[in-house]
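We count residues from 1, following the sequence as given. Only a predicted model underlies this, so the values are computations on that prediction, with no experimental measurement involved.
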Amino acid sequence: MNAYDNNMNNDSNRMFDRSTEWRAKGNWNEMKGKMRQQYADLTDDDMEYAEGKQEEWYGKLAKKLGRTVDDVKNWVANL
């Protein structure tokens, strides 16, 4: 593989990463909408998700919704 081919592969990987990120953001917005349809009292703060803090986020939602963490995980997974 020459330098040109290597640069093309790197460009393709960056494009794939960007498109994957865009799709994830789009799906996240859709999920938030579905979650709010089912629980109208969820706020923007409730929906704030920080990467690496997933368990904390599930716990926060479980407390707000009066459900167990496992219930919330199953609910989110099935949206």
Side-chain angles (χ1 to χ4, degrees):
M1 184 180 298
N2 62 35
Y4 175 77
D5 291 333
N6 196 23
N7 284 338
M8 289 296 291
N9 283 338
N10 287 339
D11 289 344
S12 294
N13 288 338
R14 279 193 294 270
M15 183 58 105
F16 175 76
D17 290 344
R18 282 190 214 122
S19 68
T20 301
E21 181 181 331
W22 292 331
R23 281 195 311 269
K25 286 181 180 178
N27 289 343
W28 175 238
N29 288 332
E30 184 179 326
M31 283 184 65
K32 287 192 303 186
K34 289 179 180 181
M35 293 170 80
R36 285 189 171 148
Q37 285 176 353
Q38 293 180 19
Y39 292 96
D41 59 333
L42 290 174
T43 66
D44 286 339
D45 287 341
D46 295 328
M47 305 308 291
E48 182 100 11
Y49 176 82
E51 195 168 324
K53 301 224 177 204
Q54 184 173 3
E55 291 301 317
E56 185 178 321
W57 181 70
Y58 280 130
K60 181 176 157 182
L61 284 179
K63 185 176 180 180
K64 171 110 185 204
L65 301 175
R67 315 277 298 178
T68 67
V69 171
D70 286 338
D71 286 343
V72 172
K73 286 180 180 181
N74 288 330
W75 173 60
V76 171
N78 289 308
L79 287 175

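- Here the side chains of K73 and Q54 are not in contact, with every heavy-atom distance at 4.5 Å or above.
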Query - Trace of the side chain to side chain contact (heavy atoms under 4.5 Å, CB included) decision for Q38 with L79 - result: CA-CA 10 Å; Q38 293 180 19; L79 287 175; 3.8 Å; yes
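- Contact check for L61 versus R67: no side-chain heavy atoms found under the 4.5 Å cut-off.
- Of the possible donor and acceptor atoms, one in the side chain of K64 sits under 3.5 Å from a partner among the backbone N and O of D41.
- Between A62 and V72, the shortest heavy-atom contact is CA-CG2, 3.6 Å.
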Requested in this report: Could you go through the salt bridge (Lys or Arg N to Asp or Glu O under 4.0 Å) check for R36 and D46 one step at a time?
Outcome: CA-CA 10 Å; R36 285 189 171 148; D46 295 328; over 6 Å; no
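- A centroid separation of 6.0 Å or more is found between the aromatic rings of Y58 and W75.
- Remark: N29 CG to M47 CE distance equals 9.5 Å, nearest 0.5 Å.
- A salt bridge does not link E48 to K60: none of the charged nitrogens lies less than 4.0 Å from a carboxylate oxygen.
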